[in-house]
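Report on the structure given below.
The structure presented is a predicted model; accordingly, all values stated were derived computationally and were not measured.
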Amino acid sequence: MSEDQELGITEQKEYNPGEWYAEVVEKAELASYAPEGMGGFIVTRPRGYSLWESVQDNLDAWFDETGVDNAYFPLFIPEDYLEREKDVVEGFDPEVAWVTHGGHDELEERLAVRPTSESIIAPYMAQWVRSHRDLPLRLNQWCSVVRWEATETKPFFRTKEFLWQEGHTAHESDEGAWEETLTRLDQYQRLYEDVFAMPVMRGAKPDHDKFPGADTTTTVEALMPDGKSVQGATSHNLGQSFAEAFDLTYSDEDEAERVAHTTSWGLSWRALGALIMTHSDDQGLVLPPTVAPEQVVIVPIWQEETKEEVLQYSSEIAAELEDDGVRVHLDDRDERNPGFKYNEWELKGVPLRLEIGPHEVDDAEVTAVHRPDGEQTTTERETLVEDVEDHLDAVFAKLYAAAEETLEENVREADSPEEIMGTIGQHGGYVRTPWCGDEACEAAIKEKVHAEIVAVPLDESDIAGDHRENAHRAEAIHEEGDECTVCGDDAVETAYFARSY
């Protein structure tokens, strides 16, 4: 295979999105597959892990601002702990990987490889909380979890082991827990919209699909260009079920013993899959400048007689941009021609390319090229630092606008089961329709077109949040007297059907 073939993307996003996605992940050097015999696991390469570090950096800062402390709990959970919360066991049992031996010795009690950590974290929160003065208690851990049932795996989107953060909090009141739940949902929406340049729809999961044992599961959903939805992150108001199971109580101001109210909330590296799928194209990876390992690449273009001055000029510009905090890379390799470098850095998703040849040196200019659409402009050397910031902002805005158009154009309504299925089959996206609340009506659609209810409207009118004013919400459309589109019974809420990853 030639170097150009190795570098280029051979599949097309529009026609073969699965194969295209896998090729982008591999050729943009984000991940490799784990050894044979370990299907469903991946090796995250440095460029891929740097994207996860951007997630960590942003969320950690926001968590810290809102009183969250990081901690770490064991990878293994005793079976007895897991079984204390029966809903968790029932919800995760098919997915749990078990350790039965330590060395050559059989363990007296099986250990679960954590599928989630409520059942190991809640007992320790119960030890640490004595009084109302200890509340709220807010903990978060960055770790990996294992869910063995995953079969049709795809790097980042669905793997048997995946990286995530999981937050766990305890509060005096349901009001405090509910405010916590929405605060974390705000922060997840902020990550997608302000960092990933991706609008999301916020709502709740239907009761039959909420986290096992939770009162309410809230979600941000991201619509992919292929018409499928991605559950971008979830935030759960757990009520008192976990606190009761693990004796998480406190004494109030009157010394009366009360049961705490708890929450949990998490975002996994599925977010990276959504980021890659949303913005990338048939030339390779496309990244917003907020997360790109290199925001700017400088490609000098020279002949032998102009090499010294072009490289000197390019080095000075690289130093100026680096001093301004820009993540910049000067590609001064001798063994690669400019065309090869253009293709390589486009494949790797660098948002902005600066081309510098002898004409740019003579005219004290640079040529700037935007990665998403190839827009090319000339900018003066003396205003370069400010202009690069403007270029990066423009690239971000282009990516957000394209993703927002995809979302807004792909929310449709339906008046019959046939219309629900036909719309999803033909267009994908979200179908918004009145629903009676019965899981059987979802099952009737799911059986035919593999679509499910990904969100229902979320009532958050009592609490204000930074990202709620202009949010893309799962909005109610049914009115009193409306009938469920599937069965004809009285509708109780609006359902958003979609195929999902």
Side-chain angles (χ1 to χ4, degrees), residues 9 11-24 152 154 157-158 192 198-203 205-206 208-209 219-232 270 273-282 286 399-457 472-478 482-489 491 493-501:
I9 302 297
E11 298 289 350
Q12 290 182 291
K13 182 177 184 178
E14 181 179 358
Y15 300 110
N16 296 299
E19 292 81 359
W20 162 86
Y21 173 85
E23 193 174 7
V24 168
E152 295 182 11
K154 187 185 298 291
F157 271 122
R158 189 171 178 81
Y192 277 93
M198 292 172 57
V200 290
M201 182 175 67
R202 55 190 287 145
K205 288 297 182 182
H208 64 264
D209 194 31
T219 181
V220 289
E221 299 284 326
L223 184 63
M224 298 295 97
D226 63 357
K228 293 182 180 179
S229 185
V230 170
Q231 180 179 288
R270 180 183 295 171
L275 172 72
I276 297 161
M277 175 70 78
T278 295
H279 298 310
S280 302
D281 59 23
D282 289 349
V286 177
L399 295 178
Y400 189 95
E404 185 172 46
E405 182 178 3
T406 296
L407 175 58
E408 291 180 345
E409 290 183 351
N410 286 281
V411 179
R412 301 175 176 88
E413 297 182 8
D415 297 321
S416 69
E418 292 75 21
E419 192 174 356
I420 294 173
M421 293 183 287
T423 300
I424 289 174
Q426 182 177 357
H427 302 288
Y430 299 115
V431 174
R432 182 174 57 186
T433 193
W435 176 50
C436 65
D438 190 338
E439 183 180 358
C441 290
E442 179 197 54
I445 302 298
K446 191 173 183 177
E447 182 181 359
K448 299 289 186 181
V449 293
H450 303 292
E452 58 192 352
I453 298 172
V454 298
V456 297
H472 297 267
R473 298 188 189 185
E475 296 179 349
I477 60 168
H478 79 283
D482 277 353
E483 296 179 348
C484 174
T485 302
V486 181
C487 71
D489 289 348
E493 61 187 340
T494 299
Y496 281 69
F497 281 87
R499 289 174 173 153
S500 59
Y501 279 99

* Gly273 versus Tyr21, closest heavy-atom pair with distance -> CA-OH, 3.3 Å
* To do: Output the distance between atom SG (Cys436) and atom CD (Glu442), rounded to the nearest 0.5 Å.
  => 11.0 Å
* Asked: So which heavy atom on Pro457 is nearest to which on Thr494, and how close?
  -> CD-O, 3.1 Å
* Within a strict 4.5 Å, meaning less than it, do heavy atoms of the Tyr496 and Glu221 side chains meet? -> no
* Do you know which two heavy atoms are closest between Ala403 and His279, and how far apart they sit? -> CB-CE1, 4.4 Å
* Would you say Glu23's side chain and Glu11's backbone share a donor-acceptor pair under 3.5 angstrom? -> yes
* For Arg202 and Val200, what are the C-alpha separation, side-chain angles and deciding distance, and is it a side-chain contact (heavy atoms from CB on, under 4.5 Å)? -> CA-CA 6 Å; Arg202 55 190 287 145; Val200 290; 5.7 Å; no
* Asked: Has the side chain of Lys13 got a donor or acceptor atom that lies under 3.5 Å from a matching backbone atom of Met277?
  -> yes
* Thr433 side chain vs Ala414 backbone, donor-acceptor pair below 3.5 Å -> yes
* To do: State, to 0.1 Å, how close Ile276 and Trp20 come at their nearest heavy-atom pair, and which atoms those are.
  => O-CH2, 4.1 Å
* Short side-chain to backbone donor-acceptor contact, Lys228 and Leu223, under 3.5 Å -> no
* Asked: Okay, side chain of Arg499, backbone of Val449: is any donor-acceptor separation there less than 3.5 Å?
  -> yes
* **From Glu475 atom CD to Arg432 atom CZ, the distance as rounded to the nearest 0.5 Å** => 6.5 Å
* Structure fact -> Output for pair (Ser500 OG, Gln231 CD), nearest 0.5 Å, gives 8.0 Å
* Ser280 to Val286 - nearest heavy-atom pair and separation -> OG-N, 3.1 Å
* Asked: Say you draw a straight line from CZ of Phe157 to CE of Met224; how long is it, rounded to the nearest 0.5 Å?
  -> 5.5 Å
* Asp489 side, atom CG; Asp482 side, atom CG - distance, nearest 0.5 Å -> 13.0 Å
* Asked: Looking only at heavy atoms, what is the nearest atom pair of Ile424 and Val431, with distance?
  -> CG1-CG2, 3.6 Å
* Is Ile445 close to Val486 at the side-chain level, that is, under 4.5 Å between some pair of heavy atoms? -> yes
* **Check: Gly232 main-chain N/O paired with Tyr192 side-chain donor or acceptor under 3.5 Å** => yes
* Structure fact -> Rounded to the nearest 0.5 angstrom, the CG-CZ distance for Leu275 and Arg270 is 15.0 Å
